[in-house]
2 protein chains.
Amino acid sequence: MTNFKAYLNHISLDCVIFGFHENQLKVLLLQMKYTKKWALPGGFVKKEESFEEAAERVLKERTGMDNIFLQQFHVFSDPKRSEMNPAVKDLEKSGSGEGLDWFSQRFISTGFYALVDFHKVDPAPDFFSDKCEWKALEEIDNLMMDHRQILDKALETLRLHLTYQPIGYNLLPKKFTMPELQKLYETILGKSLDRRNFQRKILSYKILNKLDERKKGGAYKAPYLYEFNLENYNKALKEGFSGSW
Amino acid sequence: MTNFKAYLNHISLDCVIFGFHENQLKVLLLQMKYTKKWALPGGFVKKEESFEEAAERVLKERTGMDNIFLQQFHVFSDPKRSEMNPAVKDLEKSGSGEGLDWFSQRFISTGFYALVDFHKVDPAPDFFSDKCEWKALEEIDNLMMDHRQILDKALETLRLHLTYQPIGYNLLPKKFTMPELQKLYETILGKSLDRRNFQRKILSYKILNKLDERKKGGAYKAPYLYEFNLENYNKALKEGFSGSW
DNA sequence: TCAAAAGTGTTATGCCTACACCCATGC
DNA sequence: GCATGGGTGTAGGCATAACACTTTTGA
């Protein structure tokens, strides 16, 4: 990762990787080696790669996972967004002259968001960072460069998609309970929903299979387990829900 | 436009410029000089420009207009999308060696869609084209490279935005009638709507001012004129309509 | 037996849909 | 006067929102 010849100049991508854990929406972040600033996992695009392939590669490297749900959402092209890029400082300290040239150029970054099953992720830092960790949305502040803006835009897009697309297959384990699914929706939307109405509505979409099993081990009354009906789920992904006109 | 040193390598943008005329949704296209293929107006990004600024510049050049409603919607990054780029052939014929190198590189294109008042546009071809014309959606086929795909994605995005955002201010003259606005919606959505329900719904958004004037000159009963209530319109643009959760 | 969480059903409201009649204008 | 398009109102159905009681379980 110190030979940049294989990559397209001034093009980068940043990934907002969402996971759901302990009833919180979390994002996978890297802590830069020298500046200690937190940053979104990102990468560059090889000369024969599509952006989607590049994003998959980055995702694989940071999470160990394949086939991640991935969605591009915006291009961040402000010519000043790369100014004072802390990564440059990180490279100065690491003494890589070649890298310095690379990092001092202007970067146009395409934002992707990814939805992953928290438990399946094995976080791995990259060459420029020494930590890779999940952070709950509330504990995140002061990200590198314009990464806060990128994160906000990703969240905004995710919320929008929620209103006309099913979500959850990529964020939850194979079997899950209705309260868990509801918590996921509530977390993304940032507001609480009525239990009964939520259930009626989500069931009306026909994207769930109710299982005979109940979730054991928890306290109190054991909730039923559900799984996604993939056929209908994928159909809903393509066609979308309702739409007002 | 034959000195490409001022521009970022392998980055381009393409604009899908929508206008509304004679109850049809139309798109502004260019006809390439040598291949005679039709193409979306596009351009490159200067080294100190944001994509949005570059798109505005392109829009200004093709339409003569400023302050156009502009929205980026997707990045097209397939490494093969530039293969057999007919513009290269156009350049071969025009004998520009420098241009050849430029055009033979891989391009990553960001798609923007624009909404404009048809009557205000003064179409102007660029260096590589000899015609710049409005085409109704139905008459469009066989566009250059992946431009058909870009157009389709723009239309899909526009339809989606229609369900949660007001639209029309940028596409219609200052004063317009309810039937005209309805035709616009019907055209974008590709289906017909009930007159009375459309009117009730659009009025419920409070984004219109009903004027005392009626449209004169037309045959039959003269319809009332409306204008957009900009304050509410802009508020609706920001906040969006409803949303199912 | 009590507290906490989960399962389930009913009612009211409002929005969307479908539909009909009258009015103005040009031919 | 008739065809065409525009203005307006109403009834039914479906989805959403608000809301309460019962059941299970562990402590």
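Computed from heavy atoms alone, side chains included, the values below leave out hydrogens, waters and symmetry copies. Lettering follows sequence order; numbering is per chain, from 1.
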When you get a sec, tell me which of D/dG5, D/dG7, C/dG7 is the closest nucleotide to the side chain of B/Y220?
D/dG5

Distance in angstrom units between B/K210 NZ and D/dG6 P, rounded:
14 Å

Salt bridge (charged side-chain N to carboxylate O under 4.0 Å, His left out) involving A/K235 - partner list, sequence neighbours excluded
none

Apply side-chain contact (heavy atoms from CB on, under 4.5 Å) to the pair A/F112 and A/L59, showing each step before the final yes or no.
CA-CA 10 Å; A/F112 282 80; A/L59 270 282; over 6 Å; no

Are more than 12 heavy atoms from other residues, nucleotides or ligands located less than 6.0 Å from atom CG of B/N67?
no

For the pair made of CE in A/M178 and P in C/dA5, what is the distance, rounded to whole Å?
18 Å

Is B/D141 salt-bridged to B/R148, cutoff N-O under 4.0 Å?
no

Using a 4.0 Å heavy-atom cut-off to protein, can you give one letter per nucleotide of nucleotides 12-20 of chain C, 5' to 3': B if the base is in contact, S if only the sugar-phosphate is, - if neither?
----SBBBB

Using whole Å, report how far CZ of A/R214 lies from P of C/dG7.
7 Å

Over 12 non-hydrogen atoms of neighbours within 6.0 angstrom of NZ in B/K135:
yes

Does B/K215 put a side-chain nitrogen or oxygen below 4.0 Å from OP1 or OP2 of D/dG5?
no

To the nearest angstrom, the CD1-C1' distance between A/I202 and D/dT16 comes to 15 Å

Tell me whether the count of non-hydrogen atoms from other residues, nucleotides or ligands lying under 6.0 Å of OH in B/Y169 goes above 12.
no

Rounded to whole angstroms, how far apart are CG on A/L203 and P on C/dA6?
15 Å

Between C/dA6 (P) and A/E180 (CD): distance, integer Å:
9 Å

For A/L193 and D/dA18, what is the distance between atoms CG and C1' respectively, to the nearest whole Å?
14 Å

Taken to the nearest whole Å, NZ/A/K216 to P/D/dT24 is 16 Å

For A/E138, look at atom CD and say whether over 12 heavy atoms of other residues, nucleotides or ligands are found less than 6.0 Å away.
yes

From D/dT23, C/dC23, D/dT8, pick the nucleotide closest to the side chain of B/Q199?
D/dT8

